[in-house]
Amino acid sequence: MLDKLLAGLTDAQKKAVLYTTGPLLVIAGPGSGKTRVITYRIAALIHSGVKPFNICAITFTNKAADEMRLRLLDMNTPAGAQVSTFHSFCVRILRRYANYATINPNFTIYDRADQVRCVKQALKNCETDSKNFPPSTMLEAVSALKNKLVNPDDYRDQADDFFAKVLEKIYRSYQKILTENNALDFDDLLMKTALLLQSSPLVRNELADRFKFLLIDEYQDTNHAQYSIAKAIASQHNNICATGDPDQSIYRWRGADIRNILDFEHDFPNATVIKLEKNFRSPPNILEAADSLIAANKNRKQKILIPTKPPCPQDVTIDCFEDETEETAAIAEKIEQLRSQNVSLRNIAVFYRVNAASRPLEEALIKSKIPYQIVRGVEFYSRKEIRDVLAYLKILVNHNDEFALRRAVNSPPRGIGKITLEKAAQYARKNNISVYEALRRADNIETLNTGAKKRIRPFIEMIENFKSNTAGHVAPLIEGIFEKSSLAAALKASKDGDDAVENVRELVNAAADYDRANDAPCLIDYLQQISLFSDTDSYDTSAERVALMTLHTAKGLEFDHVFITSIEEDILPHTKSSEDHNELEEERRLFFVGITRAKQTLSLTYARYRTIWGQLSRTIPSRFLYELGLDFQDIDGEKKEKNLDLKNLTTKLTGSIVEHSKFGTGRVKKFVNTGQNSTVTVKFKTGQTKTLMLKYANLTIL
DNA sequence: GCGAGTTATGTTTTT
DNA sequence: CATAACTCGC
């Protein structure tokens, strides 16, 4: 059986799969079968008698975990829930050992939007000006500290400058707010688990004893907290197997520490290192380009990529277009061509650096009637109506979640406003109870008038009613809440509520999927699972549609035909990353990841002009294009410049500075080109905005 | 408490 | 520039 399993693997792969005890690092380039090695290794371990229960496999996304589980099922070696992401793994540990970690197991997981709300609250509590300390900056700083396992007390000792002192205060306050709401953010999941493993010998020993084998994929993108968890889990049996590629490390900005993989041999003495150098994915030309590009990184270990696929002509192209409209139209046309050659749309993907780039692409694809899907999972759950429904669910399991409560109370509006809630919050603080509990005892709050009490009562009754029915399947529960909370009625009554209702229906369907997939569906678990949803998780690989996604999301995927757009300076590499040497190298790795997704053809495009923030601006081809070793020349030229047609005039006039004899100088906001009767809308320096007939306005372009 | 008007924020990338 | 979040007056 095992022999059959191993047939078709290379010697290096076999060695990695069969390697039994001690630390193992598999350094492997793109398309070399890293994930395959992990999967086979699990299968081999199980075949040799190891129980799935004793194996812990960590993948980068839930999608990857699902796929791995499916493969294992195919190999007749189900590993069940033992395959998961770091975050899901931590949720399970924190729930099981909640009392050791002194947390409530019904915790809510706060996403980015919730986090921002908390930081704003923290800024308010600390009476700090949010102008000098923008919430997003503070949040990132707090997140960075958590990833390094630095708690507020640790930080107090190293905070010496003014910013650091403020940060410490904000961090402390932010953490207090989370605790009060019985909520954990993404970073807490890792940090609390890591600290629990450090501080509780009992928990550490139990887990370290249980997990005889630990396997971690995409190790190059682990942060310090994850490293600490891994170290603790492997502390007893020392059977850690990590796979990764330093050249594909693209999450440094999120706290990922490339040193984890570079120092593996130091961290885990007696480690064996196996390199997989054969690439089974891309044709030689694409690999050469990728190799040539990544060679420009100074901070890297030399690595080789040996192609195993035969060469095919025309596999890499670089094309220049006038603007993003032409660029995306050309991509749509190429996709149309592929389709006419019977290429399935499933095998085509378009990557871009920034999410904003998806819009012109969508327009072009719609125009050409090419079905597509934007791979961006979390977005669905951040829609207003979805958040509203989820707010109800969250209070049911965690009545301390004040953000959820505030949201639910007034969606739909119930006449319970800021003042009423503030009074309830005051009462809650005084009596050391949750705001929800305070509302439940509204009759005892003297400051509230009878009207307010009368409005609160039915709301509480409704929630209590829901509460008594939370057991079992989630989908019917959501459906019931949607109707009984009058959210459904309110949405149906609003004029563009049809889409919203449709979205909730989709939420119910997704919940039904969850109910089916789990033996013991439960609301808490459901909520925690959807909070850990990632972008790739929404990717429907079976749909006959072109996939659109960012370069980050593309990690770990592969497609026959890959398009990468807007390869221009300030986009790839991004403006914010082109100054710092390390960040620039990370941008290069990001491009490297994108290129190496291609199984057959790779089409790279850029435009000479691009609209950014509504402003048309001249672009510069990305320096990376010159590094591909493809004798690429910037096909820029004066001749194109002179052929201005009307369409170009439209785009050029908008945004430019003009002078008017009477109103002075101003910026063109809008240009409606109707030939003779064309109008321009100009915002003048005097502050007034005027719409003028172009032929009479007598404007001078400055 | 609610709507209209104003202003922050984002266009890096995400579990 | 476009949207979301916030503020202020009714």
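Predicted model only: the values in this text are computed from it and were never measured. Computed from heavy atoms alone, side chains included, the values below leave out hydrogens, waters and symmetry copies. Below, chain A is the first sequence line, B the second, and so on; all start at residue 1.
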Remember a base hit wins even if backbone is also touched, and classify A:Pro134 as base, sugar-phosphate or nothing at under 4.0 Å, heavy atoms. nothing

Measure the distance from CZ on A:Arg376 to P on B:dT12 and round it to the nearest whole Å. 12 Å

Nearest to side-chain heavy atoms of A:Arg112, which nucleotide of B:dG1, B:dT14, B:dT13: B:dT14

Taken to the nearest whole Å, CZ/A:Phe186 to C1'/B:dT15 is 6 Å

Please work out if A:Thr61 contacts a base, only the sugar-phosphate, or nothing of the nucleic acid, heavy-atom cut-off 4.0 Å. nothing

A:Glu587 has a side chain; which of B:dT9, B:dT12, B:dT14 sits nearest to it? B:dT12

Which part of the nucleic acid, if any, lies within reach of A:Ser88 when heavy atoms closer than 4.0 Å are counted: base, sugar-phosphate only, or nothing? nothing

More than 12 heavy atoms of other residues, nucleotides or ligands under 6.0 Å from CD1 of A:Ile620: is that the case? no

For A:Phe60 and B:dT15, say yes or no: do the ring centres fall under 5.5 Å of each other while the ring planes differ by less than 30°? no

Of A:Thr85 and A:Lys576, whose nearest nucleotide on DNA chain B comes first from the 5' end? A:Lys576

Describe the nucleic acid contact of A:Ser136 in one word from base, sugar-phosphate, nothing, applying a heavy-atom distance below 4.0 Å. sugar-phosphate

Going by distance alone, is a donor N or O of one side chain under 3.5 Å from an acceptor N or O of the other, for A:Gln82 and A:Arg69? no

d(CZ, A:Arg92; P, B:dT15) in whole Å: 18 Å

Once you round it to whole Å, what is the distance between C1' of B:dT14 and CD of A:Glu586? 12 Å

Residues at least two apart in sequence or cross-chain that pass side chain to side chain donor-acceptor pair (under 3.5 Å) with A:Arg610, listed by chain then number, are A:Glu327, A:Glu568

Regarding A:Ile416, tell me which of base, sugar-phosphate or nothing describes its non-hydrogen contacts under 4.0 Å with the strands shown. sugar-phosphate

State whether the aromatic ring of A:His552 stacks on the base of B:dT13, taking stacking to mean ring centres under 5.5 Å apart and ring planes under 30° to each other. no

NZ (A:Lys423) with more than 12 external heavy atoms under 6.0 Å: yes

Verify the contact: side-chain N or O of A:Thr611 to OP1 or OP2 of B:dT11, cut-off strictly under 4.0 Å; return yes or no. no

Could you check whether A:Asp187 gets within reach of a base, just the sugar-phosphate, or nothing at all, counting any heavy atom under 4.0 Å? nothing

Exactly one of A:Asp114, A:Asn398, A:Asp185 should register a side-chain hydrogen bond (donor to acceptor under 3.5 Å, both in side chains) with A:Thr108. Which one does? A:Asn398

Using atom types as modelled and distance alone, determine if a side-chain donor or acceptor of A:Arg597 lies under 3.5 Å from a backbone N or O of A:Val593. yes

Taking atom P of B:dT9 as reference, at what distance in whole Å does atom CD of A:Glu140 sit? 13 Å

Less than 3.5 Å between a donor and an acceptor, one on the side chain of A:Arg353 and one on the base of B:dT13, is that the case here? yes

Could you pull out the closest heavy-atom pair between A:Phe86 and A:Ile58, with the gap in Å? CD1-CG2, 3.4 Å

Do any N or O atoms of the protein come closer than 3.5 Å to N or O atoms of nucleotides 2-7 of chain C, and which pairs are they?
from: C:dC6; atom 1: OP1; to: A:Lys120; atom 2: NZ; distance (Å): 3.4

Using the ring of A:Tyr609 (Phe, Tyr or Trp, six-membered ring only), decide whether A:Arg618 places NZ or CZ under 6.0 Å from its centre and within 45 degrees of its axis. yes

With sugar-phosphate meaning primed atoms plus P, OP1 and OP2, does A:Phe86 contact a base, only sugar-phosphate, or nothing at under 4.0 Å between heavy atoms? nothing

Is there a side-chain contact between A:Ser577 and the phosphate of B:dT13, meaning an N or O under 4.0 Å from OP1 or OP2? no

In whole Å, what is the span from the CG atom of A:Asn147 to the P atom of B:dT14? 16 Å

What's the closest nucleotide to the A:Pro413 side chain, out of B:dT14, B:dC2, B:dT15? B:dC2

Whether A:Asn355 contacts B:dT13 is assessed here as follows: a side-chain N or O lying under 4.0 Å from the phosphate OP1 or OP2. Is that the case? yes

Over-ring placement of A:Arg589 relative to A:Phe592, 6.0 Å and 45° cut-offs: no

Here the distance between atom P of B:dT15 and atom CD1 of A:Ile58, to the nearest Å, is 16 Å

Tell me: NE2 of A:His574 to P of B:dT12, nearest whole Å? 4 Å

